[in-house]
Amino acid sequence: MALKRVYLDQRDWVALARQHYGRSHDDTIAGVLAMVREASESGHASFLLSAVHYQETYHHRNPDRRRRLGAFMAEISRFHTIACATDLLAAEVHVAVSTLTGATPNRAPVPFGIGAKHAFKQMKGYFTDPEAERRAIAQFGADAVSGYFEKALPMGPKEQLPFAGIALPKREFSQRQLDFERERRPNSGNGATRAIALTASYWLRKLTTSLPPQR
């Protein structure tokens, strides 16, 4: 069976999460939630997160509600993400121009991937210190370290935003993404990317406190 790629609107994520946590008792949504969970766990479907999903989740002023939603999204999505429309269009244009000029394209559109690093092209990695990364992977394993960050990033910090330099996101980024997809107008922002990068830094500090002393 071919893998189905499913992109849920943010309000759908919220409705499913409310049902999951017992804050809604809608039989129809309960049935949808059961199908979504089975499709995700079996690997028959991939429920994608985009940069806008991270951005919209960070809009929640109540940190407990934000973190519940983020944890649910991480569980169901299994960290599957979709690239920004601007990044995909840039790659498509590159391939088209290369074809017209007879050149060999050196990159191709990659719509689907794993993790926030795919959704946010500007995000290069979880660590700013290679030695801290080496020690973390040596103690916990690469998969555990990646899973730690990928679950933490959509949840955000335990504190209410703004906190530790992580600003409460503005809605301009989400609106620009929608405008671009509707009008194909290359106008993007980096507000969400900065919020995710700072959140990664926040969880990195928490992770490194549990590492053994450097020898």
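For this chain, numbers begin at 1 and follow the sequence in order.
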Passes side-chain contact (heavy atoms from CB on, under 4.5 Å), Val145 versus Gln139? Steps please.
-> CA-CA 9 Å; Val145 170; Gln139 177 168 353; over 6 Å; no
Can you tell me if [X] uses its side chain to pair, donor with acceptor, with the backbone of [Y] under 3.5 Å?
X	Y	value
Tyr21	Arg68	yes
Gln19	Leu33	no
Glu150	Ala74	no

Give, for atom NE2 of His60 and atom CD of Gln160, the distance between the pair rounded to the nearest 0.5 Å.
-> 13.0 Å
Over 12 foreign heavy atoms within 6.0 Å of CZ, Arg107 | yes
Please indicate whether Asn62 has more than 12 foreign heavy atoms, meaning atoms of other residues, nucleotides or ligands, lying under 6.0 Å from its CG.
-> yes
Quick one: do Leu161 and Arg66 satisfy side-chain contact (heavy atoms from CB on, under 4.5 Å)? Show the steps, please.
-> CA-CA 10 Å; Leu161 298 180; Arg66 164 172 42 79; 4.0 Å; yes
Carboxylate-amine/guanidinium contact Glu75 Arg37, below 4.0 Å = yes
Hey, do the aromatic rings of Tyr7 and His53 have their centres closer than 6.0 Å?
-> yes
Are Phe127 and Phe149 close enough that their ring centers fall under 6.0 Å?
-> yes
Within 45° of the axis and under 6.0 Å from the centre of the six-membered ring of Phe112, does NZ or CZ of Arg5 qualify?
-> yes
Check the angle between the aromatic planes of Trp13 and Phe72 and answer parallel, tilted or perpendicular using the 30° and 60° thresholds.
-> perpendicular
Compute whether any side-chain donor of one residue and acceptor of the other, for Gln55 and Ser50, lie under 3.5 angstrom apart.
-> no
Side chain to side chain donor-acceptor pair (under 3.5 Å) between His80 and Ser46, intermediate numbers included | CA-CA 7 Å; His80 290 195; Ser46 170; 2.6 Å; yes
Do Val36 and Leu16 have side chains that get closer than 4.5 Å, going by heavy atoms?
-> yes
